2 protein chains.
Amino acid sequence: MVKNKASAESFVPAPKTAAGKKMALKKTASKNTFKTRYHHGDLRAALLEAAEAELAGKGIEAFSLRGVAKRAGVSHAAPAHHFGDVNGLFTALAATGYRRFIAVQRTRQKRAAQKGGKDGAAQLAAVGLGYVDFAMANPALFRLMFSSKRPDFCDGELEETARAAFEKLLEDVGRYRNANPCDDEAVMASAMATWAMVHGLADLLEGGRIKYLQNLPRKKREQMLSDMILRAAGPG
Amino acid sequence: MVKNKASAESFVPAPKTAAGKKMALKKTASKNTFKTRYHHGDLRAALLEAAEAELAGKGIEAFSLRGVAKRAGVSHAAPAHHFGDVNGLFTALAATGYRRFIAVQRTRQKRAAQKGGKDGAAQLAAVGLGYVDFAMANPALFRLMFSSKRPDFCDGELEETARAAFEKLLEDVGRYRNANPCDDEAVMASAMATWAMVHGLADLLEGGRIKYLQNLPRKKREQMLSDMILRAAGPG
DNA sequence: AAGCAAACTTGACAGTGACAAGATTCTGAT
DNA sequence: ATCAGAATCTTGTCACTGTCAAGTTTGCTT
């Protein structure tokens, strides 16, 4: 019983993976009548999309496999066939989440680089604010990626995407500090501090716990968050 | 078939709430024979204790009202009578969590004050490490208190204890910075930054996301965490 | 002593994840 | 071309869940 692990990536700019190509192939090869395709076409991708809607709509705790199946218009046991169990689906969801996260961060960073020139501080702050914004925009997915114990981080796909996000963090802080975190313990500590700071801000803000910051006007809040992030980053 | 499981709030120094007093009153008024008390004695307290065990054992997601009832040796619908629904129980649990949290923090702080003299930095770092340790020791409860949306923070008891914890944070940072956060915006920002930093560290460490820090030897890790916390606290 | 309110139990219902077994459709070797 | 075999999806079932309604027990008040 070999599961094919094609995957959707409807959020990522361009599908580059082998799986992505394979899917595109399949799609074009099938008849474009939308009615009654053979089995379903690429149910896996449809389920992932439905699952993301379910996650966004009902949150991580009220999330239901059967709800996902209903959204995708298939039988209640169909998801299990593709993802094993609910944690398997969460694992796949988290992986797509990391891909989206990285993509969003990249665009943020580029935009900041264009505006602020080569000001490393502005870039790092922009990336940090991006982390917070991502959490606010995708609360359940954010928790799945950065807090929950349900996704299986031993899974190859998830492990890879999560590591890519982490390495991007090291890059960003390394650029700001003009040093490679892997070579300099102090810089590595700065990277950890930066992550902890943005993550703490994101989690507390999204959870509605830190009302003082919530109630600040947008501009003021962004200014204050940026200050905190840069204070964490460095160079102590 | 009535099991008595009296004993409430074993973690909190002294029960001060109206509910606490009422409970204590009931207790002394009843016969001290442990056999078959009228209805159960103080089921509410027993349920809270059972719920805490359930939470610690099964986590916030696999938490089950019926499991709590089973632990307490009562019928499956008994908890609902005292707490309404599962969120009501979570609300009560979070409130006891905050009480314990504050108590632990106080002892940590006192111990640091005794050892390190009047070194404010050592005290603040100790409190911060206490936050992290609390999260590691009570992961599900920690998430209930600081991340989850299920407890009802409009509830009087929870609102009160949560606010007390927050005000303690302001006190601690205020003492370190020799200023009242409410009077000085920069100091308030420092308090927020400190909270975000310790919370981020706690959440990432507990979630197993920040392996670099996890793998550090204990002494080294504590040193590094302390540095991060103090860096966040200012005085930038 | 009687009645009333609170505490707890019992029973039922719709919803859940997981599993097994069946039905359908695709694939590839001949 | 055909036909086994495999992959995909459906149907049915099970134990479990939270919540509600109704019933029973118990303590309290007058």
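Proteins come first, then strands; the chains are lettered A, B, ... in the order of their sequence lines, and each starts at number 1. Being a predicted model, the structure only gives us computed values, none of them experimental.
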Report task. Round to the nearest Å and state the distance from A/Asn87 atom CG to C/dA18 atom P. Result -> 7 Å
**Report entry** Atom-pair distance (NE2 on B/His81; P on D/dT24), nearest Å
**Finding:** 17 Å
Query raised in the report: How many Å lie between CG on A/Asp42 and C1' on D/dC9, as a whole number?
Result: 14 Å
Query raised in the report: Taking the side chain of A/Leu65 as its heavy atoms from C-beta onward, which of C/dT9, D/dT11, C/dG17 lies nearest to it?
Result: C/dG17
Report summary line: From the candidates D/dC9, C/dT9, C/dA7, the one with an atom nearest any side-chain atom of A/Ser75 is D/dC9
Query raised in the report: To the side chain of B/Arg66, which of C/dC19, D/dC9, D/dT17 is closest?
Result: D/dT17
Query raised in the report: CZ of B/Phe90 versus C1' of D/dG18: gap in Å, rounded?
Result: 12 Å
Requested in this report: Quick one: sort the A/Phe101 and A/Phe146 rings into parallel, tilted or perpendicular, breaks at 30° and 60°.
Outcome: perpendicular
Query - Distance-only polar pair, side chains of B/Ser147 and A/Asp203, donor-acceptor under 3.5 Å - result: yes
Report task. Please lay out, stage by stage, how A/Arg209 and B/Trp195 fare under the test side chain to side chain contact (heavy atoms under 4.5 Å, CB included). Result -> CA-CA 11 Å; A/Arg209 296 300 197 277; B/Trp195 188 9; 4.1 Å; yes
Query raised in the report: Has B/His76 got a side-chain N or O lying under 4.0 Å from the OP1 or OP2 atom of D/dT19?
Result: no
Report task. Using a 4.5 Å cut-off on heavy atoms from C-beta on, say whether the side chain of B/Phe166 contacts that of A/Ile210. Result -> no
Query raised in the report: Which sits closer to the 5' end of DNA chain D, A/Gly73 or B/Phe63, going by the nucleotide each is nearest to?
Result: A/Gly73
Requested in this report: From the options D/dT19, C/dC8, D/dT8, select the nucleotide whose nearest atom is closest to the side chain of B/Val86.
Outcome: D/dT19
Query raised in the report: Over how many whole Å does the gap from A/Leu89 atom CG to C/dA18 atom P extend?
Result: 10 Å
Requested in this report: May I ask you to evaluate whether A/Ser64 reaches the phosphate of C/dT16, defined as a side-chain N or O under 4.0 Å from OP1 or OP2?
Outcome: yes
Query raised in the report: Expressed in angstrom and rounded to an integer, what is the separation of A/Arg44 atom CZ from D/dC9 atom C1'?
Result: 16 Å
Query raised in the report: Quick one: B/Asp85 CG to D/dA21 P, roughly how many Å, whole number?
Result: 14 Å
Requested in this report: Using the closest heavy atom to pick a nucleotide of DNA chain D for each, name whichever of A/Ala77 or B/Gly84 lands nearer the 5' end.
Outcome: A/Ala77
Query - For atom CZ of B/Phe83 and atom C1' of D/dT19, their distance in whole Å - result: 16 Å
Query raised in the report: Taking the side chain as C-beta and beyond, is there a heavy-atom pair between B/Lys149 and A/Pro139 under 4.5 Å?
Result: yes
Report task. Under 4.0 Å between any heavy atoms, over every strand shown, what does B/Ala80 touch: base, sugar-phosphate, or nothing? Just pick one. Result -> nothing
